[in-house]
Each structure stands twice: as C-alpha cells, then as structure tokens.
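These values consider heavy atoms only, across backbone and side chains, with no hydrogens, waters or symmetry-generated copies. We count ligands from 1, going down the list as the structure has it; atoms in each ligand are counted the same way. Just so it is clear, the model here is predicted, and its values are computed rather than measured.
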Amino acid sequence: MQFTDLKTQYAALKGDIDARIQRVLDHGQYIMGPEVAELEAALAAFTGARHCVTVASGTEALLIALMALDFKPGDEVITSPFTFAATGEVIVLLGGKPVFVDVEPGTCNLDASLVETRITARTRAIMPVSLYGQVADMAELNAIAARHGLAVIEDAAQSFGASYQGQRSGALSTIGCTSFFPSKPLGCYGDGGALFTDDDALAQAAREIRVHGQSARYTHTRIGVGGRMDTLQCAIVLGKLGRFEWELQRRAELGARYTAALQGLPGLRTLTVKPDRDCVWGQYTVFVDERSRVQTALKEAGIPTAVHYPKPLHHQVAYAAHCCPDCCPVSVDVAGRVLSLPMSADLTEADQDRVVSALRQALTG
Ligand SMILES: *Cc1c(COP(=O)(O)O)cnc(C)c1O
C-alpha cells in the first residue's frame, strides 16, 4: 500500500498528460510558454480569484506574497507554529519575526480568538495555514485584519480545492498561496505553486518579483527572485485538472468513510471539520494517545503512515530567536499525537478497510 498513490492517477490521465508534455517539447517554450497563462486562467476561474500567478513552489508563493506586500525587516507576521517549516521560514528569510499563536485542538488551525492580543505596531500580516485541507477561520481573521489594517495570507498548500462558506480556498483573503508538490491535492511532477489575489497591484508586483523584479525586459524596478513555474509543470497540472473535480469528490467520500469507521476507538480521536467548510484531506490525520506504538503496529501490518508534524516551529532550533517556550501548548500537545494515514483519491476501499482494521487491532487487540 502506498501512502499517496500517484501511479493510478497517472495511468488514468496518461494519454492527456503525455500529449501535453509532447506539445511543450514540440513548441520548445520551456520558460513562460503558453501553458503558463493557460493554467493561470484555469486556476483563477476555478478559485474565483481575479488573478493567479504561478511560481516555482509553494514556499516561493509565500515568499513572493510577503515581498509583494513590501514586507520589511523587523515586520511581524502572526502565524501558526503547527505547520510545515516553509510557513515560518519565509518570514525569517526576509528579516521578519514570526509571532507564533496557538492552534485549536479540534482542527489544528490557528485559533482566531488568540490573535488580536498579539498584534503590535510592527504586525503586517496574519498567515493562517489551512492544515490537512480544511480552511482556518478566515471570516474572523479577515475581520481582525480589517480592524488593524493588516494583510491576510492563507497558506493553502494543503487545501487547494477546499470550500469555505461557499468560496474556494486560495481566494479567501488578501493573498492565497498554494503548492503543486506531487503529493498535494493538486500536484505536478516536480515543484510548482501559485498565488491568488483580487488586487491588481499585488498581482502585478508578484508577476514582477517572480522574474527578478522586471517590469519590462532588463528593467528591474524592484528586487525579485528566480521564481517561475516551468511550462512542463504547468502542462502537467492542466492535464490533472481533467479529473480534479472527481478527485475532490472521492477525497470527500474516503475522508467521511475513514471518519465513520474510526469513531469510538479507544485512544483515538478524529479531526473536527466545521460545518461551514469542507476538508479535502490533503492529509487524513487522526490523534492517537500512544502514537509510537500504533505507528509501529501499522508498519508491521504493511501500512505506511506519517507525522505532520512532530515538533512545532517555535520549538525548532532554527527558530530559537523567535521561541516563546510556553506560548503554544495545544500545538505541542497535538504534535505528540497526530498520525496521518494513507490518503489519495485513488486509495481503494479495500486498502482503506485494511488500514481501519489494523488500527482497530492496534488499539483494542
Ligand atoms: C507543502 C507545504 C508548503 C510548501 O510547499 P512547497 O511547494 O513544497 O514549497 C508550505 N506550507 C505548507 C502548509 C505545506 O504543506
């Protein structure tokens, strides 16, 4: 059993993906070829955002988002420590300060009720992470940001395709950032990412920053990066879009099926999904009391699992300068319990049943 099955997906889409790759090889426009704009138009339409700007990775999307907002050294960003390192990393890379605010125990998303007291004169943005594929409390966070004149950057790397109050993840705030890393809900065959915004000036800034701050060829009006997504990867994502709605449906069904099957097991609790949103299960993650024992039992049964994430950023060595030892107790607690189970649109129900029975065996056997 694979943790993320990408082979079945490729087998289903092979004709279209291969043809799209061949078209790129034939026209030879490997950088900023026609597939780049085609993908940006398709993803803007899908999310409902006015602009989509493809970039080299999800990390690059977060970095470029901050740069487009004219983020300055010393500026602060309120974010969750219970995330992949990229979220905090881009803030520090630009000389800023990540201000870590704790998550909710049920969703593992930023606890909006704790945000306002952490705002200072240096705060520029709030950066919630839509962890495991469920959007954070964006309405509350947008309202706080509006009161204080802050930007909101959604880290939607795990939630592309998710809905929140009838709108798509990525199009819910000042800027939304996503990743096309192969195992994300919408992936390419390498690195890729995108940012979304309704703001014309921010979109223009992001387009310039991704090509070394050029407003015209060799006219560098700002400092930028080499941050383009290449044409081949855009072509691959275009090929994946043919099946994406079906995949979202399948992820929802498999997620609901896991959640129903795992109710009532001793020492296990499932993620809370709030009623005004869905979860695309970028990871299907549960909380278990005796994680290392359960993980070993599953491994012995041939079932791969992963831990997203074992240590929150505010306790990582690289973030020692931004550490607040006791500021995020829930993040520390869930980091010791979370366990991600095999999940992808092509997970078979037979394999899913094997995961569930191995878990039941480990917890009750
Ligand atoms: C994957 C991920 C990223 C980074 O995306 P890359 O494309 O790998 O750079 C950022 N934040 C979160 C929450 C992620 O899961």
Side-chain angles (χ1 to χ4, degrees), residues 3-4 6 39 43 52-67 77-94 98 100-101 103 107-110 125-136 138 141 152-162 169-170 172-173 175-196 206 209-210 225-230 233-234 236-237 240 251 271 279-285 306-314 316 318-319 331 334-335 338 340 343-344:
F3 187 70
T4 311
L6 295 174
L39 179 63
L43 297 182
C52 168
V53 181
T54 56
V55 294
S57 68
T59 308
E60 210 71 8
L62 294 165
L63 182 73
I64 293 172
L66 286 174
M67 292 173 76
V77 179
I78 292 176
T79 192
S80 161
F82 191 57
T83 179
F84 182 62
T87 320
E89 191 170 48
V90 296
I91 302 165
V92 179
L93 206 54
L94 293 173
F100 293 117
V101 167
V103 298
T107 65
C108 296
N109 281 334
L110 196 62
I126 305 171
M127 200 187 279
V129 182
S130 296
L131 203 71
Y132 305 141
Q134 174 178 207
V135 173
M138 294 304 284
L141 295 169
V152 178
I153 302 171
E154 183 198 5
D155 182 344
Q158 297 181 12
S159 62
F160 194 77
S169 177
L172 299 166
S173 61
I175 302 179
C177 297
T178 200
S179 164
F180 305 123
F181 186 84
S183 59
K184 307 283 175 163
L186 180 62
C188 57
Y189 291 155
D191 279 308
L195 56 85
F196 299 87
I209 292 164
R210 81 171 163 185
V225 294
R228 293 162 300 218
M229 180 165 167
D230 66 67
Q233 298 302 340
C234 289
I236 289 158
V237 176
K240 299 255 192 124
R251 281 176 176 278
L271 197 77
C279 185
V280 294
W281 305 111
Q283 307 294 344
Y284 188 90
T285 304
V307 174
H308 302 102
Y309 296 92
K311 192 191 258 195
L313 295 188
H314 70 299
Q316 297 278 0
Y319 295 84
S331 297
V334 292
V338 287
S340 300
M343 183 65 177
S344 53

Polar side-chain atom of K240 near backbone of L186 as donor-acceptor pair, under 3.5 Å: no
Short side-chain to backbone donor-acceptor contact, S179 and A157, under 3.5 Å: no
Which residues share a side-chain contact (heavy atoms from CB on, under 4.5 Å) with V280, sequence neighbours left out: A162, P185, L248
Please tabulate, one line per pair, the protein nitrogen or oxygen atoms found under 3.5 angstrom from a nitrogen or oxygen of ligand 1, with distances to 0.1 Å, or say none if there are no such pairs.
| unit_1 | atom_1 | unit_2 | atom_2 | d |
| --- | --- | --- | --- | --- |
| ligand 1 | 5 (O) | S179 | OG | 3.4 |
| ligand 1 | 7 (O) | G58 | N | 2.8 |
| ligand 1 | 7 (O) | S179 | OG | 2.6 |
| ligand 1 | 9 (O) | G58 | N | 3.4 |
| ligand 1 | 9 (O) | T59 | N | 2.8 |
| ligand 1 | 9 (O) | T59 | OG1 | 2.5 |
| ligand 1 | 11 (N) | D155 | OD1 | 3.3 |
| ligand 1 | 11 (N) | D155 | OD2 | 2.7 |
| ligand 1 | 15 (O) | Q158 | NE2 | 2.8 |
| ligand 1 | 15 (O) | K184 | NZ | 2.7 |

Test side-chain contact (heavy atoms from CB on, under 4.5 Å) applied to V307 - qualifying residues, sequence neighbours left out: R291, Q295, P310, V338, L339
Side chain R251, main chain W281, donor-acceptor under 3.5 Å: yes
Non-neighbouring partners of T59 that pass side chain to side chain donor-acceptor pair (under 3.5 Å), sequence neighbours left out: none
